[in-house]
Amino acid sequence: MSENDTKELKMLDVFDKSFLQKFQDNFAKAVGVASISTEVDGTPVTDPSCFTDFCMDFNR
């Protein structure tokens, strides 16, 4: 695989979305932080974990 090939690689090409979501949910709960996984350009890949209304309304 060349460097050019990896530039177009997306997170869901590497990870199963349900696995990634469960891992993220457990991480956010264990650490007590809000979390979301995104592509390099900021496009969300998972649903938000442990987000408050403030997070949803003012941070994203």
Side-chain angles (χ1 to χ4, degrees):
M1 184 177 286
S2 73
E3 184 179 337
N4 289 336
D5 292 339
T6 60
K7 287 182 180 181
E8 296 188 26
L9 194 62
K10 301 291 184 190
M11 190 175 297
L12 295 180
D13 293 335
V14 179
F15 297 104
D16 177 68
K17 185 176 180 177
S18 62
F19 167 80
L20 189 59
Q21 185 68 56
K22 187 172 185 174
F23 181 87
Q24 176 187 284
D25 291 343
N26 290 334
F27 170 80
K29 185 176 179 181
V31 180
V33 298
S35 182
I36 191 167
S37 298
T38 65
E39 293 292 350
V40 173
D41 66 2
T43 304
V45 175
T46 58
D47 295 325
S49 301
C50 296
F51 271 37
T52 64
D53 289 338
F54 181 82
C55 292
M56 295 298 287
D57 296 339
F58 298 105
N59 287 333
R60 282 274 312 140

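The structure displayed is predicted, hence computed values, not measured ones.
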Legend entry - Any donor-acceptor N/O pair, Asn26 side chain to Phe23 backbone, under 3.5 Å: no
Legend entry - Nearest-0.5 Å distance, CG of residue Asp25 to OG of residue Ser35: 8.5 Å
Legend entry - Residues that Val40 engages under side-chain contact (heavy atoms from CB on, under 4.5 Å), provided they are two or more places apart: none
Inset, instruction - Indicate the atoms forming the closest heavy-atom contact of Thr38 with Met11, along with that distance. - result: O-CE, 3.3 Å
Legend entry - Co-membership, hydrophobic cluster, residues Phe19 and Leu9, 4.5 Å side-chain: yes
Legend entry - side chain to side chain donor-acceptor pair (under 3.5 Å) partners of Ser37, counting only residues at least two apart: Gln24
Legend entry - Heavy-atom pair with the smallest gap, counting every atom of Ala34 and Phe51: CB-CD1, 3.4 Å
Legend entry - Any donor-acceptor pair under 3.5 Å from Glu39 side chain to Lys10 backbone: no
Legend entry - Non-hydrogen atoms of Thr46 and Gln21 that approach each other most closely: CB-OE1, 3.1 Å
Inset, instruction - Would you sort out whether Val45 and Phe15 count as a side chain to side chain contact (heavy atoms under 4.5 Å, CB included), showing the intermediate values? - result: CA-CA 10 Å; Val45 175; Phe15 297 104; over 6 Å; no
